[in-house]
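Okay, so here's the structure we're looking at.
All values reported here derive from a predicted model rather than from experimental measurement.
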Amino acid sequence: MTTVRTALVIGGGIAGPVTAMALRRAGIEATVYEAYASSAEGIGGTLTIAPNGLDALRAVGAEAAVRAVGQPVTRTVITDGRGRRIGELPGLPDLPPSQAMWRSELYRAVHDQAVASGVPIEHGRRLVGVEEGPGGVTARFADGGSATADLLVGADGIRSTVRTVIDPGAPAPRHVPLLNFGGLADVAVPGAGTDAACFVFGARGFFGYWVQPDGRTAWFANLPHREPMSAAQARASSAEEWLRRLREIYAGDLPGGDLLRHTAAEQLVVLGSVEIMPSVPHWHRGRMVLVGDSAHAPSPSSGQGASLAAESAVELARCLRDVPDLTRAFEAYVRLRRPRVEKVAARAAKTNTTKTMGPAAISMMRLMMPLAMRTFLAPERTIGPEQRHHIDWDAPVAASRA
């Protein structure tokens, strides 16, 4: 039985509210502190919640709220930039389909569900320092205020302040040599169903899209780019200028060229370089622990970032519920999570390399795909271990033997 009664959750994006709901179910009162003055309305591009993520959200009562803003995706269609089909990857038939959505809608869904379940969320509370004592941990905020509880959870993203408090030598995010863009085109791709995520290996860049029920098309683009470029640096160029460049790059690709011509500047999302977290040596210290992207942020190519964050939130709560000693609870949590998240990150890193393939490699992939689909790319083998992952909330967690 846990001795923890209260928690401070730093970060109000996706991992923070889900963690607070999981802790609340474990009998721990949690308050979320978000640095920004308002919720993340209209921020970010698209993402996918995989079946394993939906399973984790079900454990905290948030699955229905997330499904309500999602679009079911049952298959992945892969083509080259000339519109020639490379292959089609079906989902696993006995699992619920993944849900595609805008990141801002996921933020709103988990935020509203957390508030409805009784979780306090305070905005405008930027963490600037942490003090630990024998009876608790105190967070100091930029507005001069503070809060104290039994433990502090860092759910503050890939540039986590809590991570550097736990370990000043912790690694920083690492850039992937790809620029990331998203957008919404006021046109549907002919013949593309609303149940398909479509990936295009274009002549000069990778392009993904899914047609929405309203007849518009959500898309993202990854362009090879060797030097790191932060979101702020990328946004120093206007949306109009980026659209001009993207239209030129994808002019000869299908359907990227057409979708970009039907995308207005105000519908373009400029995200800068893709970033990932290398392996983080220390996920916890004292009364502090990390969850979500602050501990593990795989490339968006994984399709698993938000789902893994939800899983970790649930597992952390289970460990704190069942292991009375705080350090041993954190050790059990790391034991349950690290191997899984690092395996997903390694798989996503391999996927990133395919996004910079040249024409010869793309042609070879088109030739080899039928055989690959029957062997090493069979869905059960590739996505089965990730998407079939289930957390049994009621199963007791044993303390780490480390």
Side-chain angles (χ1 to χ4, degrees), residues 7 9 11 13-26 28 30 47-67 70 92 95-99 101 103 106-107 109-110 113-114 153-158 160 276-277 279-280 283-284 289-323 329-348 383-398 400:
V9 179
I14 297 168
V18 177
T19 299
M21 285 186 279
L23 291 174
R24 194 176 193 284
R25 186 174 179 191
I28 300 168
L47 54 73
T48 300
I49 301 294
N52 53 291
L54 295 171
D55 181 82
L57 290 166
R58 188 179 311 128
V60 299
E63 181 191 18
V66 170
R67 281 183 179 276
L92 299 174
L95 289 180
S98 296
Q99 298 286 321
M101 64 195 67
R103 181 175 292 271
L106 178 58
Y107 282 144
V110 297
Q113 186 63 34
V153 181
D156 49 343
I158 199 168
S160 170
I276 61 173
M277 276 306 302
S279 180
V280 175
W283 288 19
H284 63 92
V289 65
L290 302 174
V291 73
D293 283 357
S294 63
H296 50 77
S299 164
S301 299
S302 70
Q304 281 284 344
S307 295
L308 292 181
E311 286 182 5
S312 290
V314 173
E315 291 286 39
L316 175 62
R318 290 179 64 238
C319 292
L320 290 167
R321 176 195 67 191
D322 294 344
V323 184
F330 291 161
E331 290 171 350
Y333 161 64
V334 174
R335 184 185 76 243
L336 288 170
R337 296 305 296 157
R338 186 186 290 278
R340 174 167 168 77
V341 301
E342 293 192 350
K343 187 173 183 178
V344 172
R347 191 265 300 168
I383 63 176
E386 293 180 7
Q387 296 192 0
R388 291 192 184 283
H389 187 75
H390 169 69
I391 300 171
D392 184 351
W393 175 265
D394 295 322
V397 175
S400 171

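In this structure, the side chain of Arg321 engages the main chain of Trp393 through a donor-acceptor pair within 3.5 Å. For the pair Ser294 (side chain) and Leu290 (backbone), a donor-acceptor distance under 3.5 Å is absent. Checking side-chain atoms of Arg318 against main-chain N and O of Asp392 turns up a donor-acceptor pair under 3.5 Å. Judged by distance alone, the side chain of Arg25 and the main-chain N or O of Val314 form no donor-acceptor pair under 3.5 Å. Without hydrogens or angle criteria, Asp293 side chain to Ile158 main chain gives no donor-acceptor distance under 3.5 Å. With hydrogens and angles disregarded, no donor-acceptor distance shorter than 3.5 Å links the side chain of Gln99 to the backbone of Thr48. Ser302 places no side-chain N or O within donor-acceptor distance of the main-chain N or O of Ala348, the cut-off being under 3.5 Å.
Here the side chains of His389 and Asp55 are not in contact, with every heavy-atom distance at 4.5 Å or above. Counting heavy atoms from C-beta outward, Ser307 and Gln387 have side chains that stay 4.5 Å or more apart.
The two residues Ala332 and Val397 come nearest to each other via the heavy atoms CB-CG1, 4.1 Å. The shortest non-hydrogen separation linking Gly61 to Gln113 is O-NE2, 3.3 Å. Ile276 and Pro298 get closest at one heavy-atom pair: CG2-C, 3.9 Å. Taking both residues in full, the closest heavy atoms of Gly303 and Ala50 are given as O-CB, 4.3 Å, listed atom of the first, atom of the second, then distance. Closest approach of Gly292 and Ala15 over heavy atoms only: CA-CB, 4.1 Å.
Qualifying side chain to side chain donor-acceptor pair (under 3.5 Å) partners for Ser312, counting only residues two or more places apart in sequence or in other chains: His296, Arg337.
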Item checked: Test side-chain contact (heavy atoms from CB on, under 4.5 Å) applied to Val66 and Met101, step by step -> CA-CA 9 Å; Val66 170; Met101 64 195 67; 3.7 Å; yes
Checklist line | Ile14 and Leu47: CA distance, side-chain angles, deciding distance, side-chain contact (heavy atoms from CB on, under 4.5 Å) verdict | finding: CA-CA 12 Å; Ile14 297 168; Leu47 54 73; 4.3 Å; yes
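Ionic pairing of Arg340 and Glu386 is not present here: no N-O contact between side-chain nitrogen and carboxylate oxygen is shorter than 4.0 angstrom. Using a 4.0 Å cut-off between charged nitrogen and carboxylate oxygen, Arg335 and Glu331 do not count as a salt-bridge pair.
To the nearest 0.5 Å, the span separating CG on Leu106 from CD1 on Ile49 amounts to 5.0 Å.
A donor atom on one side chain and an acceptor atom on the other are found under 3.5 Å apart for Gln304 and Asn52.
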